[in-house]
2 protein chains.
Amino acid sequence: MTDPTAPGPLAAVAALMADPARARMLAALMGGEALTAGELARVAGVTAATTSGHLARLAEGGLVVVHAQGRHRYHRLASEHVAAAIETLGGLAARIAPVRHWKHGEEARAARLCWNHLAGRLGVALHERLTGEGLLRPVSGGWDAAPEGRARLVATGVDLDRADAAPRFACDCMDWSERRPHLAGGLGREIAAAWIGRGWLRRLPATEDGDILARRRVGLTPAGRRGLKDAFGLEAA
Amino acid sequence: MTDPTAPGPLAAVAALMADPARARMLAALMGGEALTAGELARVAGVTAATTSGHLARLAEGGLVVVHAQGRHRYHRLASEHVAAAIETLGGLAARIAPVRHWKHGEEARAARLCWNHLAGRLGVALHERLTGEGLLRPVSGGWDAAPEGRARLVATGVDLDRADAAPRFACDCMDWSERRPHLAGGLGREIAAAWIGRGWLRRLPATEDGDILARRRVGLTPAGRRGLKDAFGLEAA
DNA sequence: CGCGCGCTTCGGCCTTCGCCGAAGCATTCG
DNA sequence: CGAATGCTTCGGCGAAGGCCGAAGCGCGCG
């Protein structure tokens with residue numbers, strides 16, 4: 001316990017992300033869905049045996065939580081904080097590494113999920129629009145929706161009661177590609193859920209290669225484009 | 001180049017932080033000062049030879065930049081984005097790991113530097129005060145100082161011209177201990193520099209053990225306490 | 001009830017890499 | 001112009017850990 005060779009907590013959590021196979025799994029989980037060990041094995045490109053070990057370590061380290069259901073074991077990211085850290089680290093990596101061209105990079109820059117909320121240009125534009133118009137205002141440690149903002153969000157199907165029940169939507173993630181904040185937390189989650197639910201957003205098919213963006217890309221449907229324009233005057237790219 | 005076994009950029013940057021000795025070096029560099037290889041060797045607890053290898057990797061990976069001066073080689077974090085990522089990852093680690101009691105943890109929670117700007121309770125309180133009073137207002141991708149806010153900041157000795165010259169102070173770091181944003185970017189840097197310069201803040205002595213907080217803790221002087229109360233009505237803990 | 005499937009555990013191989021001491025450069029100082 | 005200092009490079013050692021195939025285990029289905 002008081003092992004003098006023990007890595008500090010920072011090194012320990014970094015080590016969990018430092019393995020290529022584990023990093024691919026975490027990236028896949030950034031899509032927000034709970035995935036089985038088998039699915040994660042495929043995206044990571046290793047056998048089931050290897051995957052099992054990796055997932056045990058990730059769970060032990062608190063990055064992932066497991067939910068057994070029948071003969072499947074579903075894994076998802078443990079919390080918003082894990083997602084935010086991965087997003088931030090991914091952003092740093094993208095900034096530092098030679099600009100490697102992801103096959104679907106352009107689509108992902110346009111709109112994607114960051115665990116359970118909206119990111120990419122669309123997520124950033126939404127955040128800017130809401131804050132710039134005063135529909136969201138800064139409060140202690142985060143954002144709160146002004147009455148006018150609440151009404152407009154509810155009109156688009158967002159369940160604000162459930163968003164309010166969340167601890168607080170203090171966490172505005174720093175965006176991977178745009179280097180600007182987008183809306184995370186309970187409100188971000190409810191927005192994404194509502195708009196996917198009413199068909200404004202649609203998940204784009206996962207890529208088969210080990211792409212870090214697999215399962216994260218979303219697209220705005222024509223209905224969504226219209227809806228966002230009507231509700232917020234938002235002209236999506 | 002197209003090595004199929006190459007780790008993704010995320011795993012690569014995580015690996016740089018995943019070694020205990022390197023993590024200690026990075027933590028020490030979060031104090032914002034440029035440190036020599038020898039100083040980093042001492043804080044990391046390894047020999048000069050080992051340190052040299054680590055620093056070469058960190059520089060190669062873009063986390064650190066080197067500045068040779070005489071027979072010393074000074075190292076500092078490469079950018080604000082590196083500092084933000086370390087802070088975020090450290091926050092996740094603190095949240096996940098069993099609450100380990102750092103010797104100077106309480107002092108560091110009160111006020112510390114996050115690379116070149118103010119963090120801890122003081123940094124968070126300042127951010128909240130400035131945004132809550134409307135002295136800072138949200139603009140596209142960050143914060144801008146309102147006229148009233150500019151005047152008050154200038155009155156405390158902050159060089160706003162230099163802050164304006166910075167790319168943008170879009171980056172409000174997520175705080176390690178408080179899990180709330182504090183003020184980073186060009187403005188954060190100028191504030192910390194100005195207040196240290198006029199004796200409002202003082203660096204506290206570095207700890208001798210390999211503490212992750214070494215060289216980061218700062219204290220508010222009586223003059224600083226008075227000054228912050230007069231300028232912003234800020235009652236520091 | 002027995003088979004199939006998903007997942008984990010075990011054992012063994014092998015690469016990676018962190019570590020050090022010794023030697024080699026460079027810079028500064030006496 | 002040596003000698004000391006700061007740092008890097010080299011060579012070699014050892015531990016950590018990532019990988020797999022095979023075997024084991026639990027759950028659901030036929």
#### Entry: Within-4.5 Å side-chain heavy-atom neighbours: B:R225 and B:P222
no
### Query
Rounded to whole angstroms, how far apart are CD on B:E39 and C1' on D:dT5?
15 Å
### Message
Using five base pairs at each end to define the local axes, how bent is the helix from C:dC1-D:dG30 to C:dG30-D:dC1, to the nearest 10°?
### Response
20°
### Task
Report the distance from atom OH of B:Y74 to atom P of D:dC7, rounded to the nearest whole Å.
9 Å
### Task
Of all the heavy-atom pairs spanning B:A44 and B:A21, show the shortest one and how long it is.
CB-O, 3.8 Å
### Task
Check every strand shown and say whether B:T36 touches a base, only sugar-phosphate, or nothing at a heavy-atom separation below 4.0 Å.
sugar-phosphate
### Query
Does any non-hydrogen side-chain atom of B:R76 lie less than 4.5 Å from one of B:H67?
no
### Task
Go through the steps to decide whether A:E80 and A:H117 satisfy the test side chain to side chain contact (heavy atoms under 4.5 Å, CB included), and finish with yes or no.
CA-CA 10 Å; A:E80 177 119 29; A:H117 55 266; 3.7 Å; yes
### Non-hydrogen atoms of A:A11 and B:A23 that approach each other most closely
CB-CB, 3.9 Å
Atom pairs, protein N/O to nucleotides 23-27 of chain C N/O, distance under 3.5 Å:
none

### Nearest heavy-atom neighbours spanning B:R216 and B:C114
NH2-CA, 3.9 Å
### Task
Would you mind building the protein contact string for nucleotides 9-21 of chain C? One character per nucleotide, 5' to 3', B for base within reach (heavy atoms under 4.0 Å), S for sugar-phosphate only, - for untouched.
B-------SSSBB
### Task
Output the distance between atom CG (A:L40) and atom CZ (A:R24), rounded to the nearest 0.5 Å.
12.0 Å
#### Entry: side-chain N/O B:R73 vs D:dT8 OP1/OP2, d < 4.0 Å
yes
### Task
Round to a whole Å and report the spacing from CD of A:Q69 to C1' of C:dG6.
14 Å
### Query
Just how far, in rounded Å, is C1' of D:dG17 from CE of A:M17?
19 Å
Taking only distance into account, with no hydrogens and no angle test, what donor-acceptor pairs under 3.5 Å do side-chain atoms of residues 46-66 of chain B form with protein atoms, sequence neighbours excluded?
{"unit_1": "B:T47", "atom_1": "OG1", "unit_2": "B:T50", "atom_2": "N", "d": "3.4"}
{"unit_1": "B:T47", "atom_1": "OG1", "unit_2": "B:T50", "atom_2": "OG1", "d": "3.3"}
{"unit_1": "B:T51", "atom_1": "OG1", "unit_2": "B:T47", "atom_2": "O", "d": "2.8"}
{"unit_1": "B:H54", "atom_1": "ND1", "unit_2": "B:R22", "atom_2": "NH1", "d": "3.1"}

### Query
Can you check the A:L16 CG to D:dA16 C1' distance for me, whole Å?
15 Å
### Query
Between residues 59-67 of chain A and DNA chain D, which residues have a heavy-atom gap below 4.0 Å?
none
### Query
Rounded to whole angstroms, how far apart are NE2 on B:H72 and C1' on C:dT28?
10 Å
### Query
Any side-chain heavy atom of B:L122 sitting closer than 4.5 Å to one from B:L201?
yes
### Task
With B:T36 as reference, evaluate B:H72, B:R71, B:Q69 under the side chain to side chain contact (heavy atoms under 4.5 Å, CB included) test and give the passing residue.
B:H72
### Summary
When every non-hydrogen atom of B:L35 is compared with those of B:E39, the smallest separation belongs to CA-OE1, 3.5 Å
### Summary
Atom CG of B:L55 and atom C1' of D:dT8 are separated, to the nearest Å, by 11 Å
### Minimum heavy-atom distance between B:L26 and B:L16, given as atom pair plus value
CD1-O, 4.5 Å
### Query
Quick one: are A:H81 and B:I96 in side-chain contact, heavy atoms under 4.5 Å?
no
May I have the list of side-chain donor-acceptor pairs in residues 185-198 of chain A shorter than 3.5 Å, sequence neighbours left out?
{"unit_1": "A:W195", "atom_1": "NE1", "unit_2": "A:T156", "atom_2": "OG1", "d": "3.0"}
{"unit_1": "A:R198", "atom_1": "NE", "unit_2": "A:T156", "atom_2": "O", "d": "3.2"}
{"unit_1": "A:R198", "atom_1": "NH1", "unit_2": "A:T156", "atom_2": "O", "d": "3.4"}

